[in-house]
2 protein chains.
Amino acid sequence: MLKLSKLTDYAAVIMAQIARDPDQAHTASELAARVKLPHPTVGKTLKMLSKGGLLESRRGSHGGYVLSRSPSDITASDIIAAIEGPIGMTECSHADGDCELLDTCGVAGNWQRVSQAIRTLLDGVTLAHLAQSSPLKLPVQLPIQSVTLPSAGEALREH
Amino acid sequence: MLKLSKLTDYAAVIMAQIARDPDQAHTASELAARVKLPHPTVGKTLKMLSKGGLLESRRGSHGGYVLSRSPSDITASDIIAAIEGPIGMTECSHADGDCELLDTCGVAGNWQRVSQAIRTLLDGVTLAHLAQSSPLKLPVQLPIQSVTLPSAGEALREH
DNA sequence: TATAAAGAGGACTAAAATGGTCCTATATGG
DNA sequence: CCATATAGGACCATTTTAGTCCTCTTTATA
């Protein structure tokens, strides 16, 4: 399925929420209510995003979380990596090289390049793109010939 | 991690093996030996690929598996879909619309478009690309501006 | 300075997905 | 008729994931 984990999914939704009101700190409970997800889960997600450097936290009363960079400087890659670790389609995508099948495999290098292409694509999708809540009339069928990787972000703009 | 399952990984390796010698039928045991994976697992994988329409099977003695289409007509998407089901980054990527958070989410549509972009990218990678066992000197850093989705396949060619 | 509100960090459990094996049935060639 | 294959499931073990909870620290403010 090549699917994101649920937590990553939550993370994106939460980050988008924060991005839509970036000038004040948001607490876990506030976000939990807004996103209709249980508090502990949201809390956990926020911690991970914070540890990943995407959010700044302030403790104590009147504490909460704020984006550590502008929404257009936070990418989908960043969010995914913060929750799931480095993006790669195969175990050997990040060159740890401990796969003993490498010789019989003959496919590793190619998957690595595909992974790289996907990373590049996701680097082009920013939180700013994700946050604009386009109700999405119809899924835009991207004409193959004209789509470039950086325009993956463009494709998210409303029109 | 956005990772393929192990079985999908196996599937790719196995398909590549077959693609390199497309004119004869390959049995599960032969492929298992060649790929150094246990027979039952390879068998299972082959069954899935067959049920997914990527391989034709012949039973009985002298039976085995053959590609059902030419390697350049089988895509990475096909292989992934055969093992893992439809490609999509989120549960709601294939418009079943049973997510009750849709209203608070505001991100679904955008993930769908990203999923679509990835699908398109993977559609551009064929088994023919994957099968060429390029030992891969250095990972090719694709210059963002120049990479188009269909050229993801191109990027796999050796040079 | 006491208190309440918040996050940090980690332990823990339950549930689900995954990987892997095995068994029986069916088809096919010699 | 027998040996060799795949078909199709059932099944179990392991791992991953999701989700909860507890204790500690920080901070504002009454």
Side-chain angles (χ1 to χ4, degrees), chain A residues 1-14 18 24-33 35-68 80 82-85 89-91 99 101, chain B residues 1-14 18 24-33 35-68 80 82-86 88-91 99 101:
Chain A
M1 239 276 239
L2 210 63
K3 197 173 42 180
L4 300 178
S5 80
K6 279 197 195 178
L7 283 194
T8 309
D9 208 347
Y10 300 164
V13 175
I14 292 168
I18 298 177
Q24 69 184 87
H26 300 266
T27 69
S29 1
E30 177 220 320
L31 289 166
V35 159
K36 290 184 191 154
L37 249 33
H39 180 181
T41 301
V42 173
K44 184 180 188 177
T45 308
L46 287 166
K47 285 177 212 168
M48 291 196 242
L49 290 168
S50 174
K51 208 158 63 174
L54 305 188
L55 294 176
E56 308 258 295
S57 66
R58 216 179 56 227
R59 293 194 184 185
S61 69
H62 297 101
Y65 295 91
V66 190
L67 296 183
S68 63
I80 295 172
I83 308 291
E84 306 188 16
M89 303 186 72
T90 56
E91 225 40 86
C99 171
L101 296 175
Chain B
M1 241 275 239
L2 210 62
K3 196 174 43 181
L4 300 177
S5 80
K6 279 197 196 178
L7 283 194
T8 309
D9 209 346
Y10 300 163
V13 176
I14 292 168
I18 299 177
Q24 68 183 89
H26 300 267
T27 70
S29 1
E30 175 221 322
L31 289 166
V35 159
K36 290 183 190 155
L37 249 33
H39 180 182
T41 301
V42 173
K44 186 180 188 176
T45 308
L46 287 165
K47 285 176 211 168
M48 291 196 244
L49 290 167
S50 174
K51 208 159 63 175
L54 305 188
L55 293 175
E56 309 257 295
S57 65
R58 215 177 56 226
R59 291 193 186 185
S61 70
H62 296 102
Y65 294 91
V66 190
L67 296 183
S68 64
I80 295 171
I83 308 291
E84 306 188 16
M89 304 186 69
T90 56
E91 226 39 89
C99 170
L101 296 174

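In what follows, every heavy atom counts, from backbone to side chain, and hydrogens, waters and symmetry copies are set aside.
Note on B:G43: nothing from the nucleic acid sits closer than 4.0 angstrom, heavy atoms only. Within the nucleic acid shown, A:L46 has no heavy atom closer than 4.0 Å to any nucleic acid atom. Residue B:S29 is classed as having no contact, given no heavy-atom separation below 4.0 Å to the nucleic acid.
One atom, CG of A:L49, and another, P of C:dG9, lie 14 Å apart when rounded to the nearest Å. Taking atom NZ of residue A:K47 and atom C1' of nucleotide D:dC24, one finds them 11 Å apart after rounding to whole Å. The CG atom of A:D9 sits 14 Å away from the C1' atom of D:dT17 (whole-angstrom rounding). Between A:M48 atom CE and D:dT16 atom C1' there is a gap of 13 Å when expressed in whole angstrom units. Atom CG of A:L2 is separated from atom C1' of C:dT18 by 16 Å (rounded to the nearest Å). Here the C1' atom of nucleotide C:dG20 and the OH atom of B:Y10 are 9 Å apart, to the nearest Å. Between B:H39 atom NE2 and C:dG20 atom P there is a gap of 15 Å when expressed in whole angstrom units. Rounded to whole Å, atom C1' of D:dT6 lies 17 Å from atom CG of B:L54.
Between B:S61 and D:dC2 there is no side-chain polar atom (N or O) within less than 4.0 angstrom of OP1 or OP2. For D:dT6, neither phosphate oxygen OP1 nor OP2 lies less than 4.0 angstrom from any side-chain nitrogen or oxygen of B:S50. For the OP1/OP2 pair of C:dG19 and a distance below 4.0 Å, the side-chain nitrogens and oxygens of B:S5 include at least one atom meeting the criterion. Distances shown here put every side-chain N or O of B:T27 at or beyond 4.0 Å from the OP1 or OP2 atom of D:dT4.
Judged by closest nucleotide on DNA chain C, A:G60 is the one of A:K44 and A:G60 placed further toward the 5' end. For the pair A:T8 and B:S57, nearest-nucleotide mapping onto DNA chain D gives the more 5' position to B:S57.
Remark: side-chain polar atoms of A:E56 are not paired, donor with acceptor, to backbone N or O of A:Y65 under 3.5 angstrom. For the pair B:T45 (side chain) and B:L7 (backbone), a donor-acceptor distance under 3.5 Å is absent.
A side chain to side chain contact (heavy atoms under 4.5 Å, CB included) with A:V13 holds for exactly one of A:L31, A:L37, A:V35; it is A:V35.
Side-chain proximity of A:A28 to D:dT29, C:dT18, C:dG7: nearest is C:dG7.
For the pair A:M89/B:I80, a side-chain contact is recorded, criterion being any heavy-atom separation below 4.5 Å from C-beta on.
Remark: the A:R59 side chain and the D:dT25 base include a donor-acceptor N/O pair separated by less than 3.5 Å.
Between atom CD1 of residue B:I18 and atom NE2 of residue B:H26 there is a gap of 6.0 Å, rounded to the nearest 0.5 Å.
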